[in-house]
Amino acid sequence: MLSFLTSAKASMHPSRFLLGTVSTLSLLAPNFVFSEEDEELNFVHDVVPILTKAHCNSGACHAKADVGQRGFRLSLLGFEPQEDYEHIVKEAKGRRVFPNAPEQSLFLLKATNTVPHGGGNKLARGSEEYKTLVKWIGQGMPYADESDPELTAIELEPSRMTMAKKAKQQLKVTAKYSDGSERDVTELALYEANDKAMATAGEKGLVETSDLPGNVAVMVRYSGKVSVFSVSIPLGAPVENLPATSNFVDELVFQNLKEIGVPPSPVSDDATFLRRVTLDIAGRLPTIEEAAAFAADTNTDKRDRVIDALLDSPDYADYFANKWATLLKNRRESKADITANFAFHSWVRDSLLANKPYDQFVREILAATGTIVENPPVAWYKRVKLPEQQLEDVAQLFLGVRMQCAQCHHHPFERWSQGDYYSLAAFFSQVGRKPTAIAGEDLIFHKRGTAQYVNKKTEQPVKPAGLGGPSLEVAPDDDPRLQLADWMAEESNPFFAKVLVNRYWKHFFKKGLVEPEDDLRDTNPPTNPELLDALAKHFIESDFDLKEAIRVIVSSKTYQLSAQPNEHNAVDHQNFSHFYPKRLQAEVLLDAVDCLTGATTSFADLPMGTRAVALPDNSYNSSAFLKVFGRPDAASVCECERVQSSSLAQSLHLMNSSEVKGKLATAGGRADRLAKSEEEDAKKIHEIYLAAFSRPPTGEELSIAESHINIPRTDSAGKPIAPATAKKMAYEDLLWAIMNTKEFLYNH
Amino acid sequence: MIRKFSYLILASAILLVANSARAQLVGFPDPHLLTTMPMGAQQGATVEVAITGQHLEDVTQLIFSDPKITAKPVIGENGKPVENKFVVSVSKDAPIGIHDARVISRLGVSSPRAFTVGTMKEIACTEPRDSKEKAAAISVNSITNAVMPKRAIDHYSFPAQKGKRYAIECAAVGIDSKLTPVVIVADAEGRDLLVNRTGGVIDFQPDADGTYMIKVNDLTYQGSDRHFYRLALQEVSADGLPPRHPSTAKVSAASWPPPGLSEKAKSQEVEPNDEADRAQKITLPCDIAGSFYPAADVDTFEFTAKKDEVWWVEVASERMGHATDPFVLVQGVTEKDGKKTLVDVAELYDIASPLKVSSNGYSYDGPPYDIGSPDVLGKVEIKEDGVYRLQVRDLFGGTRNEPSNEYRLVVRKEQPDFAIAAWAVHMTLRNGDRAAFSKPLALRTGDATVLEVLAIRRDGFAGDIDLKMEDLPKGVQATGLKIPAGKSVGHIVITADANAKPDFALASITGSAKIDGKMVTRPCRLATMEWPVKDAKQEIPAPRLVNSMPVSVSDSEAAPLSFFAAEEKVWEVTEGEKLTIPLKAVWREDFTGTSIKMKAHGVGFDRLAPFEFPLKAESYDVELDLATLKTKPGEYDLAFYGGGVAKYRYNPKGVARATAAKTKAESEAAAAAESAKKLTAEVTKAAPEKKAEAEAAAKAATEKQKLADAAKAEAEKHLAAVTKEAAPKDRVDILVSKPIRIVVKPKAEEAEKAVAQATPKK
């Protein structure tokens with residue numbers, strides 16, 4: 001046996017001193033006898049991975065923030081082994097471990113559910129992991145020797161491959177140590193696929209693909225190290241007759257489609273394109289005049305010209321301001337917020353209208369100073385008050401990095417530590433505030449002084465540093481926020497441009513190249529990394545031109561592909577082989593309904609005729625329509641706050657609500673006007689189709705509509721209804737039916 | 001004997017009748033001029049101006065702060081003045097800029113309203129223009145005066161040419177309007193091209209000839225007749241900053257410029273002084289003009305200085321009307337082995353307000369006037385000979401690219417001086433009502449009102465500042481209570497005699513002090529709120545400086561209550577002894593409660609325990625025990641004050657007049673009815689050839705009857721309105737005594753000692 005008392009590490013383990021006095025208890029440990037040759041275990045390398053694999057240190061169990069579980073606390077995923085060691089070995093007067101009879105340790109009795117354990121049986125008695133823990137306790141709970149090698153990396157075999165549909169692949173995970181040694185940790189590693197519909201990863205590293213083609217990644221974690229297994233699952237269909245490429249987007253998308261054997265759908269027709277691009281850029285339906293003019297236009301570059309016209313229109317600024325103002329939390333919390341919110345929303349809108357470069361736009365928010373009325377982006381500091389909130393919002397919104405976890409512990413899926421977190425907070429450490437005449441509104445200035453923030457873990461101040469960048473020495477006079485903005489706009493910044501192009505890509509394609517769109521990390525790779533890189537590069541080279549970022553996307557053939565899948569690509573949901581139809585957003589749908597019916601929605605404090613996409617803040621969500629269709633409350637920087645799923649309430653609202661009925665029956669509205677018009681019905685039906693779908697009705701649609709309009713109508717008593725009234729009812733019915741079609745409710 | 005004045009510290013006023021404060025109106029009504037239409041005129045023009053206001057009856061005059069602008073009432077067809085309409089004449093040499101318009105009415109002189117004199121032609125636009133189809137055509141080089149309706153966007157169209165440069169600005173905030181203007185230049189179809197929402201100028205250079213549109217709205221689409229604006233559209237030269245519409249001055253501007261400073265700076269900053277190692281070399285003293293441009297601009301100046309020198313640094317930018325927050329850092333430069341090291345010597349921030357500025361909450365916690373400024377005024381003490389660097393930066397300037405954000409940097413040897421500004425005091429109340437801040441100096445007979453005077457002391461000046469108010473109307477007196485050495489707050493009590501006749505005068509306040517052995521006198525600026533704010537939480541009071549200081553006294557109403565010492569004399573008392581002052585009161589209205597709690601404020605007397613002046617009592621003996629108060633020998637001005645809730649009746653004389661007018665209208669209506677009846681009856685009797693004539697006469701009489709009936713109905717309505725207004729309502733206000741002068745003499749032995757010391761020994 002090892003001589004505990006002479007061990008150099010004995011002083012680390014107070015419980016060992018108990019051994020002499022309770023030596024008789026050693027009789028209770030008959031199962032395991034350790035020989036001198038037994039290599040001493042290492043807590044960090046041998047024990048923590050077992051706890052992680054058994055989920056003991058998951059957020060839901062003993063790593064629950066601050067409290068742990070029933071008095072026993074572990075660090076999340078074992079990122080703080082020193083603390084875990086203290087808790088297991090020394091806390092609770094050392095009662096959790098019993099070196100003289102390791103199997104009688106509470107630590108093991110609980111884990112094996114031998115004594116009641118809230119978490120159930122996490123460790124099978126007799127398993128290798130169990131034996132390791134018993135051995136470790138029997139060895140007197142050694143922590144680690146200073147000379148012990150460090151884990152430097154984990155290596156995956158294979159790390160990238162093409163797999164067939166419904167195929168299996170066993171991964172092998174090798175831990176690499178600083179002394180050059182290696183160890184197979186396949187059994188102890190954790191596995192998680194980023195798209196579980198495409199692939200699953202078993203506990204022991206067996207990856208199984210489903211029948212969906214595309215790219216999927218499996219994140220592998222072991223002892224704080226992460227790696228990714230990238231899988232390409234080809235469909236294997238012939239990819240022929242690709243549309244002529246418009247730009248690099250098409251080249252990279254089509255290249256991927258060829259690789260995975262998914263043939264794209266053909267390019268959509270003009271009417272579909274016009275409706276799609278107008279909805280996506282301007283947040284509105286094309287007008288009848290626009291639809292007719294586009295159909296009649298014989299120029300070959302008419303699609304590009306309509307894109308430019310839309311990007312130059314204030315409608316684009318309104319629509320994208322709606323997106324940004326929500327993400328920037330332009331939220332009405334009290335009546336007095338109206339001025340700040342209107343000012344900030346307008347500033348966003350005006351910036352987009354002027355096509356302010358994105359880096360400048362972000363810079364003006366991050367480093368805003370003064371008062372809200374004089375410099376509206378100061379409003380961001382009214383909503384987001386503390387450096388912690390500021391850095392978290394900035395990281396997620398502008399860098400696509402979710403830093404929230406790293407405030408309290410090392411990020412579980414990422415390389416970010418608390419040091420990184422507080423270094424980012426340090427950029428906001430010199431934000432000075434002075435009260436203004438308006439209650440609750442401070443004016444913001446740069447407070448002279450050393451930019452630094454205390455790391456709550458180490459209680460030591462840290463200097464500002466961009467993520468993954470060196471610590472910066474910011475002169476006391478210089479506003480560190482400007483340096484943060486400088487760092488973001490550096491060409492080499494790996495996050496700033498990427499998250500924007502990914503966010504915009506998702507806006508147009510429904511699905512980001514990375515999902516969620518604001519969660520860019522090594523362990524969540526893009527489905528088409530070359531495309532994301534190229535888009536980011538293009539964006540940087542265009543000097544962060546937001547309109548250009550949109551232009552390059554929507555002028556691609558990829559964006560213009562039909563939503564109609566072909567015989568092969570219907571299963572594809574991430575390679576953009578066809579356009580993925582999207583439900584219209586709440587505001588867009590309300591505007592579309594108004595546009596179709598000729599009604600106007602009145603919004604408090606705004607001029608009549610203000611579009612729903614131009615609403616400045618969430619206070620308008622008192623509108624039943626906007627609420628039911630999921631307009632977000634601007635409470636977070638996540639686009640996921642917008643509910644885009646369908647619901648029964650939505651269907652009922654469109655079919656039966658008094659609001660929609662009122663719109664259909666609006667005096668002077670479309671139904672009223674068409675009913676009174678002397679024009680022939682076919683022409684009027686043509687107008688309705690053009691207004692709703694930007695296309696004329698088909699012959700069948702026309703004849704159905706005409707016959708519906710001319711059905712004799714009777715009241716509930718069976719008496720004929722006066723022709724004028726009947727006609728109006730008929731047109732209201734037709735509008736109602738069209739409004740409830742998927743073709744109307746979706747951008748396709 | 002050294003003369004001392006005590007002073008009032010009314011800002012720390014008592015909580016008045018707190019429990020009932022919620023339901024009360026605050027302050028006795030004052031006349032307010034609220035709007036003029038148009039809000040300005042071109043030099044040399046004569047225009048008709050319509051006014052509206054509050055508590056305005058019998059408006060007889062429209063007056064301006066500059067005598068080159070005059071007004072006469074519009075005379076109607078009946079030869080009588082048309083109510084609230086004036087013909088304003090602006091002489092050709094009237095100064096360009098903002099002037100204050102006021103009216104003289106039943107209650108005296110009103111609060112001011114900005115009136116701009118400019119060089120461009122002016123139009124008043126009253127037609128609806130809330131859509132692009134209804135856009136009002138305006139011409140280049142014009143000013144459009146208009147009022148913004150609620151939830152509206154005003155549209156204008158104008159012709160513009162490629163290659164020309166146009167400056168478009170909507171003046172509102174700087175001319176007392178409640179509008180926060182948004183100005184948009186759009187194409188002919190109304191599609192937005194350029195936007196300004198922060199009160200700046202749009203610099204528009206069209207890509208093509210054509211018709212363009214200007215859209216104006218309020219930031220939050222508020223609107224009313226108080227949301228007025230002046231839209232300036234002018235063609236400007238290709239270079240330089242576009243001209244700005246003049247603006248009223250902020251209160252902070254009272255301390256700028258320092259006396260004797262030339263209008264233009266002696267030198268200019270020279271870029272690239274924004275690079276630390278290329279600092280602009282200067283010698284002290286200096287007077288430099290510069291601008292915080294481009295964004296995050298830091299201008300660095302380098303100078304040499306000697307040990308023990310003291311330099312005063314003053315920067316103006318916010319006080320010049322810019323939304324900036326200047327900051328100055330002075331650092332010593334040491335060089336060793338070719339490496340320069342900078343050591344901080346001084347950080348100079350804001351000019352602090354001597355009083356806590358209101359937080360504008362529900363409770364009153366200080367005046368919302370801030371004579372302080374984000375500008376810089378401070379000193380730099382040089383500890384050793386060497387090279388120094390002075391950095392000027394705008395703490396608001398990190399991302400803002402405004403070439404118009406100019407500054408003036410003055411570094412000088414100590415030149416002690418001061419600047420002063422005054423405003424009406426308010427009281428500690430908890431209902432958010434700040435109307436009293438905008439009260440004009442319109443006194444009722446027997447009235448007493450108080451101004452708070454604040455000083456910004458320059459370059460370490462710490463001495464007494466004597467306050468004096470002159471050029472008052474007949475029957476009005478003012479007592480200036482000095483700003484004592486080392487302090488920054490003083491007061492002026494203005495009182496009107498009980499038997500004063502209506503009068504009006506342009507008064508002035510000055511502060512005088514002995515500086516370096518010489519007496520200097522500085523003018524005092526008066527500040528007011530632009531609007532009588534009823535709820536400071538809902539509407540932030542907007543303070544500004546006014547351009548003149550008119551004072552009036554009116555005998556239309558008397559002050560509800562007057563306090564004064566029984567005798568008008570200098571009260572004498574010996575140090576350590578007691579002095580009893582019989583304080584008399586004249587009650588002209590009913591007051592609620594049983595007494596008025598009063599205090600004496602001022603150096604030497606501020607520890608006097610509050611006393612209760614019984615309601616309706618004619619007199620109350622106030623005992624001042626100088627032993628307890630420990631008041632030193634000297635001369636003091638003292639005032640007592642408290643808060644009271646009066647059952648105030650507004651314009652009761654108006655009820656009598658309205659009753660008489662109604663009676664007259666009734667009798668005229670009756671006569672008209674009688675006449676119509678008679679003439680109608682005569683139609684049937686009339687001979688056929690006279691029938692048409694009789695019918696015409698009957699018809700005319702019937703029309704006249706209708707008019708008389710309408711006049712009668714109007715008179716009845718008016719009587720009902722004035723009767724309602726004249727019904728007693730609880731109004732709380734500060735009630736101030738006439739100032740009382742007290743001389744505290746030294747004790748006899750002290751006096752003898754002083755005499756003995758002064759007498760040469762034989």
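Convention: sequence-line order gives letters A, B, ...; per-chain numbering from 1.
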Interchain contact, [X] with chain A, by part (heavy-atom threshold 4.5 Å):
{"X": "B:D350", "answer": "side chain"}
{"X": "B:D130", "answer": "neither"}
{"X": "B:Q331", "answer": "side chain"}

- Message: If you count heavy-atom pairs within less than 4.5 Å of chain A, which of B:D344, B:N196, B:V182 leads?
- Response: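 Among the listed options, the one with the most contacts to chain A is B:D344.
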
- Item | Contact leader toward chain A among B:K150, B:Q222, B:R400, where contacts are heavy-atom pairs under 4.5 Å |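 Result: the option with the highest number of such pairs is B:R400.
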
How far apart are the closest heavy atoms of [X] and [Y], and which atoms are they?
{"X": "A:D605", "Y": "B:Y221", "answer": "O-CB, 3.0 Å"}
{"X": "A:F342", "Y": "B:L219", "answer": "CD2-O, 3.2 Å"}
{"X": "A:D477", "Y": "B:R393", "answer": "O-NH1, 2.6 Å"}
{"X": "B:D192", "Y": "A:P314", "answer": "N-CG, 3.4 Å"}
{"X": "B:G397", "Y": "A:T369", "answer": "N-OG1, 3.7 Å"}
{"X": "A:R448", "Y": "B:F327", "answer": "CD-CZ, 3.4 Å"}

- Task: I would like to know whether A:D315 and B:R191 meet salt bridge (Lys or Arg N to Asp or Glu O under 4.0 Å); could you show each step before the answer?
- Result: CA-CA 9 Å; A:D315 293 345; B:R191 287 180 300 224; over 6 Å; no

Given a strict heavy-atom distance threshold of 4.5 Å, which part of [X] is in contact with chain B: side chain, backbone, both, or neither?
{"X": "A:K335", "result": "side chain"}
{"X": "A:A343", "result": "both"}
{"X": "A:S351", "result": "neither"}
{"X": "A:P377", "result": "neither"}
{"X": "A:A354", "result": "neither"}
{"X": "A:D478", "result": "both"}
{"X": "A:L353", "result": "side chain"}
{"X": "A:S313", "result": "neither"}
{"X": "A:I444", "result": "backbone"}

- Just do the side chain to side chain contact (heavy atoms under 4.5 Å, CB included) check on B:T198 and A:W347 with the steps written out, would you? CA-CA 10 Å; B:T198 51; A:W347 174 84; over 6 Å; no

- Message: Could you go through A:L482 and B:T399, starting from their C-alpha distance and side-chain angles, then the distance that decides it, and tell me whether this counts as side chain to side chain contact (heavy atoms under 4.5 Å, CB included)?
- Response: CA-CA 8 Å; A:L482 290 169; B:T399 59; 4.1 Å; yes

- Does the side chain of A:K434 come within less than 4.5 Å of B:D325's, by heavy atoms? yes

- Assess whether side chain to side chain contact (heavy atoms under 4.5 Å, CB included) is satisfied between A:T610 and B:R151, documenting all intermediate values. CA-CA 10 Å; A:T610 303; B:R151 292 177 72 187; over 6 Å; no

- Might you work through the side chain to side chain contact (heavy atoms under 4.5 Å, CB included) test for B:E402 and A:E374, ending with a clear yes or no? CA-CA 12 Å; B:E402 297 281 348; A:E374 282 153 2; over 6 Å; no

- Quick one: of A:T339, A:I338, A:N375, A:D479, who has the most non-hydrogen atom pairs under 4.5 Å with chain B? A:N375

- Query: Among A:S602, A:G432, A:P476, A:A368, which residue forms the greatest number of heavy-atom pairs with chain B at distances under 4.5 Å?
  - Reply: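 Of the options given, most contacts go to A:S602.
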
- Tell me, please, which residues at least two apart from A:E290 pass side chain to side chain donor-acceptor pair (under 3.5 Å). A:R284, A:T287

- Atom CG of A:N341 and atom OG1 of B:T220: how far apart are they, to the nearest 0.5 Å? 11.0 Å

- Item | Interatomic distance, B:D394 atom CG to A:H446 atom NE2 [nearest 0.5 angstrom] |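 Here the interatomic distance stands at 12.0 Å.
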
